[in-house]
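We count ligands from 1, going down the list as the structure has it; atoms in each ligand are counted the same way. The figures here come from the full heavy-atom set of this structure, side chains too, leaving out hydrogens, waters and symmetry mates. The structure presented is a predicted model; accordingly, all values stated were derived computationally and were not measured.
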Amino acid sequence: MSTHRRAVEHIRRSYAEIPGDAAPRLAKATSNLFRFRDSGKTAGLSARDLDEVISVDPETMTAEVQGMTTYEHLVDATLRHGLMPYVVPQLKTITLGGAVTGLGIESTSFRDGLPHESVEELEILTGDGRVIVARDDNEHHDLFRAFPNSYGTLGYALRLRIKLRKVHPYVRLTHVRFTDADKCMLAMQEICESMEHDGEPVDFVDGVFFGPQELYLTVGRFADRAPYTSDYTGMRIYYQSIRQRGRDWLTVRDYLWRWDTDWFWCSRAFGVQQPMVRTFMPRRWMRSDVYRRLVALDRKHGVTARIDRWRGRPVQESVIQDVEVPVERGAEFLEFFHGQVGMTPVWMCPLRASSRWPLYPLEPGKLYVNFGFWGMVPLPRGRFDGHHNRLIENAVHELDGHKSLYSTSFYGRDEFWRLYNGDAYWPVKREYDPSGRLLDLYDKCVRGR
Ligand SMILES: Cc1cc2nc3c(=O)[nH]c(=O)nc-3n(C[C@H](O)[C@H](O)[C@H](O)COP(=O)(O)OP(=O)(O)OC[C@H]3O[C@@H](n4cnc5c(N)ncnc54)[C@H](O)[C@@H]3O)c2cc1C
């Protein structure tokens, strides 16, 4: 804790030294954000020494964790005690603070909600430069509740106390195929409500849409023994295995990171799924953060866009989004998405919030499905960037859903504040960042500042 106190003092000073006309920007080694910033005036806020697990307490099943700690480190520390965070986002370099302020999701979310729902305490450097401890039961309750989906616009999480859950060493996976989206959504609803499949308890649920007649739900169950374990960190590719086998076994660590090696399926774009390339690719490069860096470089230098122009190909729109739709409307969303955007595969992950979080107002207790899709789509002639993204934004809200803000958004200002609860946001913003030292949520997430 004394090392942590020193790091807190360091970031507090670094924050105070940022010139008044520059927007603070968290200077950390990795990011999973897909909004690439305009080149406005920003100043790096040193997040040095804020990336450690301070302690894991197996008795209370809690951990004290610094805000910029990656889930990869966090999981390593907790698995040593036979424990894991309630929800572990799939990408190794997502940080605990990033997942709480920017929302995260995984296959335990049908039972345990989103990562912020298992946070007991938040230590926050607020926009006005104070360091405060916010809990659901103290005087900073308003900040605690508004922090999820605030994307660092109210303050930065420096330390979090989170709840942990017991694990078993293995996970048994069952991949169930559906040839119809309605039936798939119905089965997802039944499994999540009963928390059972084939008469057995279920610990993990997610799924993949490969096409209107090919959808899979993957149901996972903890196990103490396994007849064998598969390895998808080398030549074999996890998402392809879903189509090839009904049953599989993974160690718990490999299960938690099953999507990271190939960034779900997005490593395809780099040729990494071709056996020849894969044979020579060092395993340490097969990680989501390596691919994310390549994408950022490509964006910066416009390489793909130039090649497309040179070859006379249509302009491509980046369609990288995660959206939440009530499970009853999930099949409708897939029909719209397949018809209008046509990108496959699509990740499907059920989730249920236990209470109301003002800036991402999902209805408590209601089952939603997160649809995740990440890629480029050719723009029809005469259409401009944002065309498909705008269609998706409209469809999601017509279906009573919500859209995550880690990527591009195209909302008008009034529409945005209606959907993301400006009435709840602004009183908290005024209380903890009265002079607007940090950008506001609209400027940051929609205007890309
Ligand atoms: C292709 C793709 C797929 C994704 N899939 C998933 C998924 O399946 N499951 C999932 O859970 N998430 C997913 N995400 C979203 C991801 O969880 C969010 O983008 C998350 O905010 C990233 O966290 P990070 O730690 O990498 O933060 P960064 O990318 O560094 O920052 C994200 C934002 O949070 C702010 N921030 C970062 N740390 C803190 C802090 N300590 N305190 C306050 N603000 C902070 C930053 O200022 C920034 O605005 C996906 C993202 C992408 C790009």
Side-chain angles (χ1 to χ4, degrees), residues 11 15 23-37 42 44-45 47 50-51 65-74 85 87-109 113-116 119 122-127 134 143 146-160 206 208 256-260 262-267 269 288-289 291-292 295-296 318-324 346-349 351 360 370-375 403-408 432 438-441 443-445 448-449:
I11 194 171
Y15 188 72
R25 178 181 49 77
L26 207 50
K28 59 203 234 332
T30 55
S31 170
N32 290 283
L33 214 53
F34 252 80
R35 288 183 256 109
F36 293 90
R37 215 178 256 112
T42 61
L45 174 62
L50 281 165
D51 55 0
V65 187
Q66 291 184 301
M68 297 19 152
T69 308
T70 63
Y71 270 93
E72 184 175 24
H73 289 151
L74 176 55
V87 182
V88 177
Q90 302 81 348
L91 312 180
K92 288 178 175 170
T93 60
I94 290 180
T95 61
L96 181 57
V100 167
T101 194
L103 303 188
I105 182 166
E106 232 289 80
S107 56
T108 50
S109 292
L114 304 181
H116 55 268
V119 172
L122 282 167
E123 182 185 62
I124 299 172
L125 170 66
T126 57
L143 179 59
F147 203 73
N149 212 40
S150 67
Y151 279 93
T153 65
L154 300 173
Y156 296 105
L158 307 179
R159 178 184 57 79
L160 303 93
D206 69 347
V208 181
L256 295 177
W257 301 130
R258 70 201 180 286
W259 292 117
D260 190 79
D262 284 284
W263 209 16
F264 288 85
W265 30 81
C266 302
S267 67
S288 61
D289 54 326
Y291 309 126
R292 165 67 175 67
V295 172
S318 157
V319 181
I320 295 176
Q321 303 289 353
D322 276 64
V323 302
E324 268 77 56
V346 175
W347 185 57
M348 308 186 291
C349 184
L351 71 143
Y360 206 70
N370 176 97
F371 294 104
F373 32 90
W374 314 289
K403 192 184 92 150
S404 312
L405 296 175
Y406 69 78
S407 184
T408 47
Y432 294 96
L438 301 169
L439 293 171
D440 74 47
L441 196 60
D443 278 348
K444 191 162 187 181
C445 298
R449 290 186 50 203

Looking only at N/O atoms, are Thr95 and ligand 1 under 3.5 Å apart anywhere? yes

Atom of Trp263, atom of Arg292 and distance for their closest heavy-atom approach: CH2-CA, 3.8 Å

Do Tyr406 and ligand 1 have an N or O pair less than 3.5 Å apart? no

Among Leu45, Leu439, Thr101, Leu160, closest by heavy atom to atom 44 (N) of ligand 1 is Thr101

Backbone, side chain, both or neither: what part of Trp374 comes under 4.0 angstrom of ligand 1, heavy atoms only? side chain

Short version for Leu26: what comes under 4.0 Å of ligand 1, heavy atoms counted, is side chain

For Gly102, the ligand 1 atoms with a heavy-atom partner under 4.0 Å come out as 21 (O)

Thr408 backbone acceptor or donor facing Gln321 side chain under 3.5 Å: yes

Per-residue contact class, Met68 against ligand 1 - non-hydrogen pairs under 4.0 Å: side chain

Say whether Leu91, considering both its backbone and side-chain N or O atoms, lies within less than 3.5 Å of an N or O atom on ligand 1. no

Can an N or O of Lys444 be found at a distance shorter than 3.5 Å from an N or O of ligand 1? yes

Compare Gln66, Gln90, Arg25 and give the one whose heavy atom is closest to atom 6 (C) of ligand 1. Gln90

I'd like the name of whichever of Gly104, Gly375, Ala157 reaches closest to atom 42 (N) of ligand 1 through any heavy atom. Ala157

Do Trp374 and Trp265 have ring centroids that are under 6.0 Å from one another? yes

For atom 20 (C) of ligand 1, tell me which residue out of Gly155, Gly98, Gly152, Ser107 has the closest non-hydrogen atom. Gly98

What are the two closest heavy atoms between Thr69 and Leu74, and how far apart are they? CG2-N, 4.2 Å

Looking at every non-hydrogen atom in both residues, tell me the closest pair between Leu26 and Met68 and how far apart they are. CD1-CE, 3.9 Å

Just to be sure I read this right, does ligand 1 sit under 4.0 Å from the backbone of Phe147, its side chain, both, or neither, counting only heavy atoms? side chain

Do Phe264 and Val208 come within less than 4.5 Å of each other through their side chains, counting heavy atoms only? no

All heavy atoms of Thr70 vs all of Lys92, minimum pair found to be CB-O, 3.5 Å

Any heavy atom of Trp259 closer to ligand 1 than 4.0 angstrom? no

Restricting to non-hydrogen atoms, name the atom on Tyr360 and the atom on Ser404 that form the minimum distance, rounded to 0.1 Å. OH-N, 3.3 Å

Within 4.0 Å of some non-hydrogen atom of Pro89, the atoms of ligand 1 are 10 (C), 11 (O)

Does any N or O in the side chain of Asp260 come within less than 3.5 Å of the main-chain N or O of Ser288, such that one atom is a donor and the other an acceptor? yes

Is the closest side-chain heavy-atom distance between Leu438 and Tyr432 below 4.5 Å? no

May I ask whether Leu103 has any heavy atom positioned less than 4.0 angstrom from an atom of ligand 1? yes

